[in-house]
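These notes are about the structure you will find just below.
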Amino acid sequence: MARYNVKETERKWQRVWEKRRSFEVEADPSKKKYYVLEMFPYPSGRIHMGHVRNYTLGDLVARFRRAQGFNVLHPMGWDAFGLPAENAAIENKVHPAAWTHENIATMKRQLKSMGLSYDWRREVATCDPSYYRHEQKMFLDFLEHDLVYRKESWVNWDPIENTVLANEQVIDGKGWRSGAPVEKRKLAQWFLKITAFADELLSALASLDRWPDRVRLMQENWIGRSEGAHLRFAIDGRDDPLEIYTTRPDTIFGASFMAISANHPLAAELAAGNPRLAEFIATCNRMGTSEAAIETAEKLGFDTGLKCRHPILADVRLPVYVANFVLMEYGTGAIFGCPGHDQRDLDFAHKYGLPVTPVVCPEDTDPGSFEIGDVAYTGDGRIINSDFLNGLGIEEAKSAIIAHFEKAGVGSRQVNFRLRDWGVSRQRYWGCPIPVIHCDVCGVVPVPAEQLPVLLPEDVDLSGAGNPLDRHPTWKHVDCPTCGKAARRETDTFDTFFESSWYFARFCSPDADIAFERAAADYWLPVDQYIGGIEHAVLHLLYSRFFTRALKQCGYLGMDEPFAGLQTQGMICHETYKSAAGKWLTPTDVRPTDGGGFVDANGGAVSVGRSEKMSKSKKNVVDPEGIISTYGADTARLFMLSDSPPERDLDWTDAGVEGAWRYVNRLWRLVDEPAFALAGVGATRPTAVEGSAADLERRTHRTVAAVTEDLERFHFNKAVARIRELSNAVEGLKASDAGADWVLRNCLETISVLVGPMMPHLAEEIWSALGHESLLVDQPWPDADAALIVDENVTVAVQVNGKLRGTIELAKDAPEDVARESALANENVRAFIADKAVRKVIVVPNRIVNIVV
RNA sequence: GCGGGUGUGGCGGAACUGGUAGACGCGCCAGACUCAAAAUCUGGUUUCCGCAAGGAAGUGCCGGUUCGAUUCCGGCCACCCGCACCA
């Protein structure tokens, strides 16, 4: 009898798996495959609890599918480019590469201590030239296939990180990492044509039936498809028309003004001769998108004096305003204003004294008395005051008016998207160099494929302002590949989401000379189960879907969707602590008092705040390494699985960890000090299994069936509960019952297989203690015997008028009249029926009998 | 503002297509073992009334459908998330 030695045991099995190469896999078309992937980490220094949860979930799936007989690919790598490395370099005077590799080494050691079933041979780090050279090639292929362009445009500029951000990286007008208000700048940037796939990225969401609805909805909203019309309005005294986009062409007869964006070319042209307009435009730009108060910002306009002709009403003229609420980036940057049916337009019309004509009347209202007050009418109804559209419904009117415009040659039906192209240029050092050369003679020249990779220079000075590559004395100076004259390298690097958009494919053939081998990708992809945080719902997950399509177009791949199944995990939360002085305290700074409160190291009062996401700023973090070295990886893993469903936030508590730890030891004792000796038990089931042994055997099979279903459906907390129930039930086994010793052994073996995906070290130790030479990790998942799952008898509830009054024992599938008689015979039930007449008896077989009196 | 989600004991959470609400765990209470403590084991634990058998109430609030509602429908409330001048 030995106490369960976590450290030694866990290390032992990790070594055994490594030595036996248990998790190394090869593509094998004769086997059904399963690709499990967790979002790879940024090597920030040490793993945190979020990582532990993510990789515990993934490892469970990988081990479970492996036991089910799948050829499982389960790789791990490092999303290794990124800004923190540069910041660390400046602070600590280390090279970003050295800092990154050191972190990778630390985190890899920590991950290995968790006993995760990775094929470590497939590890990749995206900052390695053997990785990023392939995405430089991809970029050249994208160029060739017209999926990339360079454009001078207004960009989101992060003043802290000194770089451009994509639209997806601006949260509430602030940089997603720095939190600094984003400024507008005009820069020449490289863009990937994600909008070319907008329609497909949207419609294919319906096929992703193993993705959370929430994520699909977020992507749908982000892509933001709208149907409307593109119209051209003639401007008095000018030859060029004003082009607008509208989703409400049916309200054209209610138009009373035109509005163009402050960044519209027409506005710029007019401002050249009008200082007051120029001043107005400058004011609009200052407000920009960085103003948090956009919502409350007043609608402001500047009357240009220009007049547009109404496209149908010959004598109507619409004044053209420059307005602060019109965005240049959406549609054409110009609109017609219909105050009656758009709140913004109404506010604007009231401010500038413009006419308000209702053109849609609610069904139940008299058109003659329908007026618009302070609230625009945006609901359904019939068209009024609109000539040939009068009496039509909104949708009919849209079709009719678009047909009219198409005939007149002044407009057409148009679909618009909110999604914009993905700007990938970043003014940073620690990223993949964009492989182009700028030549004064030849213009932008792609780096010839045979000159790849364009390597990052190792000697770099990160201390100054701006882009370090641009300031490097020699790196950017090269000869033009076309004309041979002196030219300059592009000094921008890729957005780091570029690397994570295809890493899942690289894992299929991580050592290939090309990005990935087609055969390997065809076998392994798509990823069957992808697991990670919800925060990537529209960033990484949308980029990867786009990339897969772009790569397909360039002949790399044969599929559209990279991730067939997606599971998003909740955050890890912890209570927060504050000292009397209002300073945040870490969980290790406080200790509990007898009264249930906490005090700090000096005994000072501590106020306990609500549980929040673990974060450095609130100091409510618990370091996984300490937990793992004290309680072991299996305890940490069990706790991660047992307390909350994966998609929900998980509260980290010491008590919960203690509980998991107790269960680890309890399971171990079940085998180490079994109820009776198991040494001589045969392998085949005895013919006689009776009494408590028969009960436990049935229960074992029922548990197998239930746990299998729970694991398939990601109900891991329920699976844990069922296994606990089974191990509790072992206590009820009587040695004297026939077959007891065989059933006990069979039950313990089953438990060891069932907990294998959750607590692999303990499971292996139990398996071995039961006398097996083989590894548990190579054991197949058990089948539940259908005959043993169903009970012969069922407990049926009896209600009187819908209230529970008793229960009766019946044979399974007993006839209805038997159930009825048995229910009516129940003593307590009879008391409630008393002398009342039974009006109706409802019998739901095997479940309930309801007597209505 | 628009879109979506959540709300169940002291706590985390169970309850498949409407059918015994509270599985399992944490915490707490009692008991066993111990000189004692820890660990472990056993039992109890939604609230109220009752010695008990049993009864009443109960899944955010109000109402509806139904023999029967945590589950379906309508209307509120609270909290959380996403988007946000998108024409």
Side-chain angles (χ1 to χ4, degrees), chain A residues 3 171-173 212-215 217-222 224-226 228-229 244-249 251 259 261 287 289 294-299 323-327 329-338 341-345 347-348 416-420 534-535 537-538 596 611 638-639 642-645 647-651 653-660 662-663 665-666 669 673 706 709 713 715 717-725 728 731 795-807 828 831-832 839-853:
Chain A
R3 195 177 146 77
I171 314 290
D172 291 335
D213 291 341
R214 186 152 73 116
V215 175
L217 190 71
M218 282 164 75
Q219 292 210 355
E220 188 181 320
N221 291 338
W222 188 265
R225 184 180 197 273
S226 72
I244 65 99
Y245 173 75
T246 180
T247 55
R248 292 301 300 275
T251 64
S261 164
M287 298 206 330
T289 52
I294 257 181
E295 192 188 332
T296 52
E298 204 182 347
K299 310 283 172 276
N324 65 345
F325 64 87
V326 180
L327 304 174
E329 300 85 36
Y330 188 76
T332 60
I335 61 164
F336 78 74
C338 177
H341 307 284
D342 182 291
Q343 192 59 46
R344 273 171 329 196
D345 294 352
D347 295 345
F348 192 82
N416 226 334
F417 292 93
R418 213 189 74 108
L419 182 72
R420 324 266 167 77
I534 185 77
E535 66 273 19
V538 284
S611 187
L638 177 64
F639 177 67
S642 59
D643 249 40
S644 285
E647 66 280 2
R648 235 183 275 187
D649 287 353
L650 176 83
D651 248 317
T653 61
D654 291 345
V657 178
E658 290 284 346
R662 273 203 296 274
Y663 188 62
N665 284 285
R666 197 173 130 81
R669 275 195 308 274
E673 309 161 23
E709 196 188 322
R713 297 168 65 179
H715 294 172
N717 54 330
K718 282 164 66 183
V720 171
R722 291 187 207 282
I723 294 169
R724 289 184 106 126
E725 278 181 287
N728 289 345
E731 308 289 343
T795 306
V796 171
V798 183
Q799 298 179 333
V800 177
N801 287 344
K803 297 210 176 207
L804 183 71
R805 296 303 175 193
T807 57
N828 200 42
F832 275 87
R839 291 196 292 163
K840 197 169 164 190
V841 179
I842 292 146
V843 179
V844 181
N846 301 324
R847 284 193 177 268
I848 204 164
V849 177
N850 191 9
I851 298 160
V852 187
V853 294

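- Counting heavy atoms from C-beta on, the side chains of A:Ile335 and A:Asp345 come closer than 4.5 Å.
- The residue A:Arg418 sits close to a base: some heavy atom pair falls under 4.0 Å.
- One finds a side-chain N or O of A:Arg666 lying less than 4.0 angstrom from the OP1 or OP2 phosphate oxygen of B:C41.
- Between the side chain of A:Lys299 and the base of B:C85 there is at least one donor-acceptor pair of N/O atoms closer than 3.5 Å.
- For the pair A:Leu638 CG and B:C24 C1', the interatomic distance rounds to 12 Å; values are reported in whole Å.
- B:G13 sits 16 Å from B:C26 when the P atoms are compared, rounded to a whole Å.
- B:G18 and B:G27 have their C1' atoms separated by 34 Å, given to the nearest Å.
- You'll find the side chain of A:Val796 stays beyond 4.5 Å of the side chain of A:Thr807, heavy atoms only.
- Along RNA chain B, the nucleotide closest to A:Ser642 and the one closest to A:Phe325 are compared, and the more 5′ of them pairs with A:Ser642.
- Applying the 6.0 Å contact sphere to CZ of A:Arg225 captures more than 12 heavy atoms from other residues, nucleotides or ligands.
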Problem - side-chain contact (heavy atoms from CB on, under 4.5 Å) between A:Tyr663 and A:Ile723, worked out - result: CA-CA 11 Å; A:Tyr663 188 62; A:Ile723 294 169; 3.8 Å; yes
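- With hydrogens and angles disregarded, a donor-acceptor distance shorter than 3.5 Å links the side chain of A:Asn801 to the backbone of A:Val853.
- A close approach under 4.0 Å does not occur between any side-chain nitrogen or oxygen of A:Arg662 and OP1 or OP2 of B:G25.
- In this structure, the CD atom of A:Glu220 is 18 Å from the P atom of B:G82, given to the nearest Å.
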Problem - Contact state string [nucleotides 47-57 of chain B, B base, S sugar-phosphate only, - no protein heavy atom under 4.0 Å] - result: --------SSS
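- Here the nucleotide nearest the side chain of A:Glu731, chosen from B:U42, B:G82, B:A14, is B:U42.
- Closest approach of A:Arg248 to A:His341, counting heavy atoms only: NH1-O, 4.4 Å.
- With rounding to whole Å, A:Asn728 atom CG is found 14 Å from B:U40 atom C1'.
- Base pairing of B:C24 is made with B:G12, judged by Watson-Crick or G-U wobble geometry with both donor-acceptor distances under 3.5 Å.
- At the heavy-atom level, A:Thr795 lies under 4.0 Å from base atoms of the strands shown.
- Across every strand in view, B:G3 sits in a pair with B:C81 that passes the Watson-Crick or G-U test at under 3.5 angstrom.
- The 5' end of RNA chain B is approached more closely, in terms of each residue's nearest nucleotide, by A:Met218 than by the other of A:Met218 and A:Ala334.
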Please tabulate, one pair per line, each protein N/O and nucleotide N/O from nucleotides 66-68 of chain B that are separated by under 3.5 Å, including the distance.
from	atom 1	to	atom 2	distance (Å)
B:C67	O2'	A:Asn850	ND2	3.2
B:C67	O2	A:Asn850	ND2	2.4

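- Residues passing the side chain to side chain donor-acceptor pair (under 3.5 Å) test with A:Ser226 are A:Tyr245, A:Tyr330, sequence neighbours excluded.
- Rounded to a whole angstrom, the distance from the P atom of B:G60 to that of B:G12 is 14 Å.
- With P as the reference atom, B:A30 and B:A37 are 13 Å apart, rounded to whole Å.
- Among the nucleotides B:G3, B:A14, B:A87, the one closest to any side-chain atom of A:Asn221 is B:G3.
- With sequence neighbours excluded, the residues satisfying salt bridge (Lys or Arg N to Asp or Glu O under 4.0 Å) with A:Arg722 are A:Asp710.
- Heavy atoms of A:Thr807 sit under 4.0 angstrom from at least one base atom.
- Residues that satisfy the salt bridge (Lys or Arg N to Asp or Glu O under 4.0 Å) test with A:Asp651, not counting sequence neighbours, are absent from this structure.
- By the 4.5 Å heavy-atom criterion applied to side chains, A:Thr653 and A:Phe639 are counted as neighbours.
- Separating the P atom of B:A14 from that of B:C29 is a span of 27 Å, rounded to the nearest Å.
- For the pair A:Arg805 and A:Phe832, the cation sits on the ring face: its NZ or CZ lies under 6.0 Å from the ring centre, inside 45° of the axis.
- At the heavy-atom level, A:Arg839 lies nowhere under 4.0 Å from the strands shown.
- Between the OH atom of A:Tyr330 and the P atom of B:C83 there is a distance of 17 Å, rounded to whole Å.
- When the P atom is used for both B:A15 and B:U70, the distance is 16 Å, rounded to whole Å.
- Straight-line distance from the CD atom of A:Glu658 to the C1' atom of B:A38: 12 Å, rounded to whole Å.
- Taking 4.0 angstrom as the limit, A:Thr246 places none of its side-chain polar atoms (N or O) nearer than this to OP1 or OP2 of B:A87.
- For A:Ile335 and B:C86, the CD1 to P distance is 9 Å, given to the nearest whole Å.
- The A:Arg648 side chain lies nearest to B:A14 when the options are B:G12, B:G19, B:A14.
- With a cut-off of 3.5 Å on both Watson-Crick or G-U wobble distances, the partner of B:C72 is given as B:G64.
- The partner of B:A30 is B:U42, by the rule that a Watson-Crick or G-U pair needs both atom distances under 3.5 Å.
- B:G50 is unpaired under the criterion used here, namely a Watson-Crick or G-U wobble arrangement in which both key atom distances are under 3.5 Å.
- Under 3.5 Å, the side chain of A:Arg344 and the base of B:C86 form no donor-acceptor pair of N or O atoms.
- Within 4.0 Å of A:Arg669, counting heavy atoms only, lie sugar-phosphate atoms of the nucleic acid but no base atom.
- For A:Asp654, the CG atom counts as loosely surrounded, since its 6.0 Å shell holds 12 or fewer non-hydrogen atoms of other residues, nucleotides or ligands.
- Comparing B:C51 with B:C41, their P atoms are spaced 35 Å from each other, to the whole Å.
- As a whole-Å value, the separation of A:Ile534 CD1 from B:G4 C1' is 11 Å.
- Per the geometry, CH2 belonging to A:Trp222 stands 15 Å off C1' belonging to B:C2, to the nearest Å.
- At a threshold of 4.0 angstrom between heavy atoms, the contacts of A:Val326 include nucleobase atoms, whether or not backbone atoms are also involved.
- Contacts of A:Asp345 with the nucleic acid, taken as non-hydrogen atoms under 4.0 Å apart, are absent.
- Taking the O4'-C1'-N9-C4 or O4'-C1'-N1-C2 dihedral as appropriate, B:G43 has a value more than 90° from 0 and is therefore anti.
- Listed by chain and residue number, nothing satisfies the salt bridge (Lys or Arg N to Asp or Glu O under 4.0 Å) test with A:Arg418 (two or more places apart in sequence, or in another chain).
- Nucleotides B:U20 and B:C72 have their P atoms positioned 16 Å apart, rounded to a whole Å.
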